[in-house]
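Numbers restart at 1 for each chain; the letters A, B, ... are given by sequence-line order, proteins then strands.
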Amino acid sequence: MTRPVRVRIAPSPTGNLHVGTARAALFNYLFARHHNGSFILRVEDTDKARSLPEYEQNIYDGLRALGLQWDEGPDVGGDYGPYRQSERSEHYTNAAMALLKAGLAYYTDDTDAELEAQRNAAKAAGKPYVYRQHREATNGSLRFRIPTPYTTLVLNDAVRGHVSFDTELLGDFVILKSDGCPTYNFANVVDDSAMAISHVIRGEDHISNTPRQLLMYDALRAIGYSDAPTPEFAHASMILAPDRSKLSKRFGATAVADYMTQGYLPEAFCNFLALLGWSPPDGNEFGTLEELAKKFTLDRISKSPAIFETDKLNFFNKHYIKELNTDTLYERVSPYIDLMALGMEYTPEQQALLLEAIREPLVTLTDVTEATPYFFGQDVEIPEALKADVLNTPDAATVLHAFANQWPTWDKTSPDTIGAELKALMKSLKPLKPKNIMWPIRTATTGRTSGADLATTLYLLDTGLLGNNRVAHRVQQALAHCPMTSTT
RNA sequence: GCCCCGUUCGUCUAGUGGCCUAGGACACCUCCCUUUCACGGAGGCGACAGGGGUUCGACUCCCCUACGGGGUACCA
């Protein structure tokens, strides 16, 4: 209880950093920070066949992108290393041999076919499959013997309360595969003991593993291999896809990296993730990692599964984009915009103005791709539908002619002066509604009916380094799509 | 099949026997503001899975059913 808080995230590099893993990491991180403890990254690469270095790298990148920096780990070191299970084999062999010597584990040499047959037999008999030693062996895989007499194990979970398990239903499980590699249930416990992990915060999918691990902690202590107390456990519920199924590729993006490339801000993603299965005591849903850590406690983790819906993620992303200062916005948006063209067409001041003008409706960073094209080049493409609906009307002709005539005389020193001129124009065209004046002008100059503030847009188009009187040019071109009649 | 967990508005959730005519957020709808769109402001729609108990009183406690999820691997 009083021992230092040490928590860990223990991903296996068999895939890119998954949303579920990221949330587990986040909860552990928040808990560690809340208690001034340590957050450890341990790579569980015992599945040689499926573990890949690029996945490990992806996990590092994803965690770091989210701001979840670990205090100890394979790449940063620490007092309890190494932090990659493939480099800790002697720990597992030593522990396993000690268990074997103490009679708590034994070798089995069943073939895959035999195991399969045993399972099928149990199934046919309608009985639960429970592996028990049925013959002596001197090599093969090493199994842990479930201690007798069988009892009922009670796990006191920090989020679920008391959960009990009947050990009779637990089969003797493999701790060392026949290739000498440890299995998850074993390596996990050996390492958590060795690394003095105080709290295990993980997904509900691990709850069925817990009784085996509980037994293993006891056994390791019983044989004097370890004196580490069993950690506290907290099992958070799963994150599900909208159809309540497991979050899988079928759902779309399941990797954190995918969300980053889709233009989600790390701070937005973290904030959103934190609220999936946890709720702040004060009801304030916004918060930086630091702020959330201050409020984070295990007892507010939810027991029921949460569905991953992007609506709220989008909301958070909009919110955090709004809060970015111009420089950061420029930086964040740079992967999605043609910086070269931007630099060639606009001065730094104009670039800032442009970014501010388009920031409002951005949901994801990638949206800049859609929001900026009309700021570049001489001409603008106007969709056929808009030519027909907006430009091909007598009102549009009136507006655009009036605008074309006045434009050369306008005070174009700033967006504000242009705004004032626009206002005056609207007044002079009085019976016409603002909307019917704004739309044709916007459509003619940008090829859209919505977008950045019109006055700012006109200002930028007019003063951009390209010069060439783009506004007048585009309006002239648009006029071609207006009815010829009212040439006032 | 067996074991474990869960079930409050469409979604994330608050709620630990009376404060609940069930609160908030997102989404959606309406109105207002407005130089279009957006933003912002004000409203609206909308839930305790079902059935039995226990209790003076159940969203809250117990049991059953249904549904969902997890596990049942020499994957983690």
Side-chain angles (χ1 to χ4, degrees), chain A residues 10-15 21 44-47 49-51 85 108 110 112 115-116 119 122-131 140-143 155 157 159-160 163-166 168-171 173-185 187-188 203-211 235 237-238 240 242 244-246 272 275-281 283-286 299-300 302-316 318 322 359-362 390 419-420 422-423 425-426 433-443 448-455:
Chain A
S12 69
T14 54
T21 312
E44 308 218 328
D45 53 352
T46 51
D47 186 343
R50 294 195 301 143
S51 296
Q85 291 190 325
T108 57
D110 305 72
D112 288 348
L115 257 16
E116 176 84 30
R119 270 193 290 269
K123 196 173 182 180
K127 291 193 179 144
Y129 173 62
V130 176
Y131 186 96
S141 58
L142 195 65
R143 281 183 191 259
L155 160 70
D157 192 271
V159 351
R160 267 147 230 283
V163 183
S164 41
F165 305 91
D166 190 348
E168 188 167 6
L169 266 10
L170 261 28
F173 56 94
V174 173
I175 57 176
L176 240 41
K177 305 175 202 172
S178 42
D179 67 359
C181 284
T183 57
Y184 160 76
N185 274 126
N188 199 260
E204 192 186 20
D205 47 339
H206 285 113
I207 204 162
S208 308
N209 289 140
T210 314
H235 288 94
S237 50
M238 306 270 76
L240 268 28
R244 305 204 135 260
S245 69
K246 209 159 77 175
F272 169 70
L275 263 22
L276 239 40
W278 176 79
S279 61
N284 176 13
E285 298 188 321
F286 296 105
D299 60 308
R300 295 194 69 85
S302 162
K303 283 193 264 280
S304 41
I307 293 175
F308 192 102
E309 290 273 15
T310 41
D311 275 345
K312 197 147 188 179
L313 208 210
N314 288 339
F315 165 76
F316 274 116
K318 262 191 270 186
K322 224 168 284 177
R359 123 193 261 158
E360 188 65 55
L362 298 182
V390 180
L422 266 174
K423 211 168 222 167
L425 174 70
M426 275 187 291
K433 289 196 163 81
K435 181 176 171 177
N436 295 320
I437 297 167
M438 303 294 280
W439 276 26
I441 299 176
R442 184 183 284 285
T443 303
R448 319 246 172 137
T449 53
S450 71
D453 169 69
L454 189 55

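- Partners of A:Glu285 according to the side chain to side chain donor-acceptor pair (under 3.5 Å) rule, which considers only residues two or more places apart in sequence or in another chain, are A:Lys312.
- Taking the side chain as every heavy atom from C-beta outward, A:Asp47 and A:Ser12 never approach each other to under 4.5 Å.
- Pair assignment for B:U54: none, as no Watson-Crick or G-U wobble contacts are both less than 3.5 Å.
- When the P atom is compared between B:U60 and B:U54, the two are found 15 Å apart, to the nearest whole Å.
- Taking both residues in full, the closest heavy atoms of A:Val130 and A:Gly171 are given as CG1-CA, 3.6 Å, listed atom of the first, atom of the second, then distance.
- No side-chain donor-acceptor contact under 3.5 Å links A:Arg442 to the backbone of A:Asp453.
- Using C1' as the reference atom, B:C19 and B:G40 are 34 Å apart when rounded to the nearest Å.
- Side-chain contact check for A:Tyr131 versus A:Val174: every heavy-atom pair is 4.5 Å or farther apart.
- Phosphate contact (OP1/OP2 of B:C4, side-chain N/O of A:Ser208, threshold under 4.0 Å): absent.
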**Request:** Could you please spell out the steps behind the side-chain contact (heavy atoms from CB on, under 4.5 Å) verdict for A:Phe165 and A:Leu170?
**Result:** CA-CA 9 Å; A:Phe165 305 91; A:Leu170 261 28; 5.6 Å; no

With 3.5 Å as the limit, what N/O pairs link the protein to nucleotides 60-69 of chain B?
none

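- Between the P atom of B:C12 and the CH2 atom of A:Trp278 lies a distance of 17 Å, rounded to the nearest Å.
- Spacing between atom CG of A:Asn314 and atom P of B:C28 amounts to 10 Å, rounded to whole angstrom units.
- Comparing A:Phe315 and A:Val163, the nucleotide of RNA chain B nearest to each residue sits closer to the 5' end for A:Val163.
- Rounded to the nearest Å, the gap between the C1' atom of B:G41 and that of B:A49 is 38 Å.
- Counting to the nearest Å, the C1' atom of B:A38 and the NZ atom of A:Lys322 are 9 Å from each other.
- Atom name C1', nucleotides B:G51 and B:A14: the rounded distance is 27 Å, in whole Å.
- Closest to the side chain of A:Ile307, out of B:U11, B:U8, B:C26, is B:U11.
- Using the Watson-Crick or G-U wobble rule with both distances under 3.5 Å, B:A66 pairs with B:U7.
- Counting heavy atoms from C-beta outward, A:Thr46 and A:Thr183 have side chains that stay 4.5 Å or more apart.
- Nucleic acid contact class of A:Gly451 (heavy atoms, under 4.0 Å, all strands): base.
- Under the 4.5 Å side-chain criterion, counting only non-hydrogen atoms from C-beta, A:Met426 is not in contact with A:Lys433.
- With C1' as the reference atom, B:U13 and B:A22 are 13 Å apart, rounded to whole Å.
- Base contact: A:Thr449 has a heavy atom under 4.0 Å from a base atom.
- Within 6.0 Å of NZ in A:Lys246 there are 12 or fewer heavy atoms belonging to other residues, nucleotides or ligands.
- Comparing the P positions of B:A25 and B:G43 gives an interatomic distance of 11 Å, to the nearest angstrom.
- Applying the side chain to side chain donor-acceptor pair (under 3.5 Å) test to A:Thr108 and every residue at least two apart in sequence or in another chain returns A:Ser141.
- Across the strands present, B:U34 finds no partner; the criterion is a Watson-Crick or G-U wobble pair with both atom distances under 3.5 angstrom.
- We find that CZ of A:Phe286 is positioned 8 Å from C1' of B:A25, with the value rounded to whole Å.
- You'll find the side chain of A:Ser304 stays beyond 4.5 Å of the side chain of A:Ser237, heavy atoms only.
- Contact annotation for A:Arg160: backbone-only contact, meaning every heavy-atom pair under 4.0 Å involves sugar-phosphate atoms and none involves a base.
- The side chain of A:Pro361 lies closest to B:A38 when the candidates are B:A14, B:A38, B:U7.
- Rounded to an integer number of Å, the gap from A:Leu155 CG to B:C3 C1' is 14 Å.
- A:Ile207 has its side chain within reach of A:Arg160: a pair of non-hydrogen atoms, C-beta onward, lies under 4.5 Å apart.
- Within 4.0 Å (heavy atoms only), A:Lys123 reaches no atom of the nucleic acid at all.
- Of the C1' atoms belonging to B:C59 and B:U7, the separation is 12 Å, rounded to the nearest Å.
- The separation between A:Phe272 atom CZ and B:C12 atom C1' is 8 Å, rounded to whole Å.
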Can you check nucleotides 30-35 of chain B for protein contacts, nitrogen or oxygen pairs under 3.5 Å, and list what you find?
{"unit_1": "B:U35", "atom_1": "O4", "unit_2": "A:Gly419", "atom_2": "O", "d": "3.4"}

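- Between the A:Asp157 side chain and the A:His235 main chain, a donor and an acceptor come within less than 3.5 Å of each other.
- B:U16: no Watson-Crick or G-U partner with both key distances under 3.5 Å is found in any strand.
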Between the protein and nucleotides 73-76 of chain B, which nitrogen or oxygen pairs are less than 3.5 angstrom apart?
{"unit_1": "B:C74", "atom_1": "OP2", "unit_2": "A:Arg143", "atom_2": "NH2", "d": "3.1"}
{"unit_1": "B:C74", "atom_1": "O2", "unit_2": "A:Ser178", "atom_2": "N", "d": "2.7"}
{"unit_1": "B:C74", "atom_1": "O2", "unit_2": "A:Ser178", "atom_2": "OG", "d": "2.9"}
{"unit_1": "B:C74", "atom_1": "N3", "unit_2": "A:Ser178", "atom_2": "OG", "d": "2.9"}
{"unit_1": "B:C74", "atom_1": "N4", "unit_2": "A:Asp110", "atom_2": "O", "d": "3.2"}
{"unit_1": "B:C75", "atom_1": "OP2", "unit_2": "A:Lys177", "atom_2": "NZ", "d": "3.1"}
{"unit_1": "B:C75", "atom_1": "O2'", "unit_2": "A:Asp47", "atom_2": "OD2", "d": "2.9"}
{"unit_1": "B:C75", "atom_1": "O2'", "unit_2": "A:Arg50", "atom_2": "NH2", "d": "2.8"}
{"unit_1": "B:A76", "atom_1": "OP1", "unit_2": "A:Thr46", "atom_2": "OG1", "d": "2.6"}
{"unit_1": "B:A76", "atom_1": "OP1", "unit_2": "A:Lys177", "atom_2": "NZ", "d": "2.9"}
{"unit_1": "B:A76", "atom_1": "OP2", "unit_2": "A:Tyr184", "atom_2": "N", "d": "3.1"}
{"unit_1": "B:A76", "atom_1": "O3'", "unit_2": "A:Glu44", "atom_2": "OE1", "d": "3.3"}
{"unit_1": "B:A76", "atom_1": "O2'", "unit_2": "A:Ser12", "atom_2": "OG", "d": "3.3"}
{"unit_1": "B:A76", "atom_1": "N6", "unit_2": "A:Asn209", "atom_2": "OD1", "d": "3.2"}
{"unit_1": "B:A76", "atom_1": "N6", "unit_2": "A:Asn209", "atom_2": "ND2", "d": "3.2"}
{"unit_1": "B:A76", "atom_1": "N1", "unit_2": "A:Asn209", "atom_2": "OD1", "d": "3.3"}

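- Note: A:Phe286 and A:Phe315 have tilted aromatic rings, judged against thresholds of 30 and 60 degrees for the angle between ring planes.
- Within a 6.0 Å sphere centred on CG of A:Asp112, other residues, nucleotides and ligands contribute 12 heavy atoms or fewer.
- Here the P atom of nucleotide B:A14 and the CG atom of A:Asp299 are 11 Å apart, to the nearest Å.
- Within a 6.0 Å sphere centred on CZ of A:Arg244, other residues, nucleotides and ligands contribute 12 heavy atoms or fewer.
- Rounded to whole Å, the C1' atom of B:G18 lies 41 Å from the corresponding atom of B:C32.
- No donor-acceptor pair closer than 3.5 Å links the side chain of A:Thr14 to the backbone N or O of A:Arg50.
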Distances for protein N/O vs nucleotides 46-49 of chain B N/O pairs under 3.5 angstrom?
none

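- Taking atom CG of residue A:Leu169 and atom C1' of nucleotide B:C5, one finds them 16 Å apart after rounding to whole Å.
- Taking only side-chain nitrogens and oxygens, A:Arg448 never comes nearer than 4.0 Å to OP1 or OP2 of B:A38.
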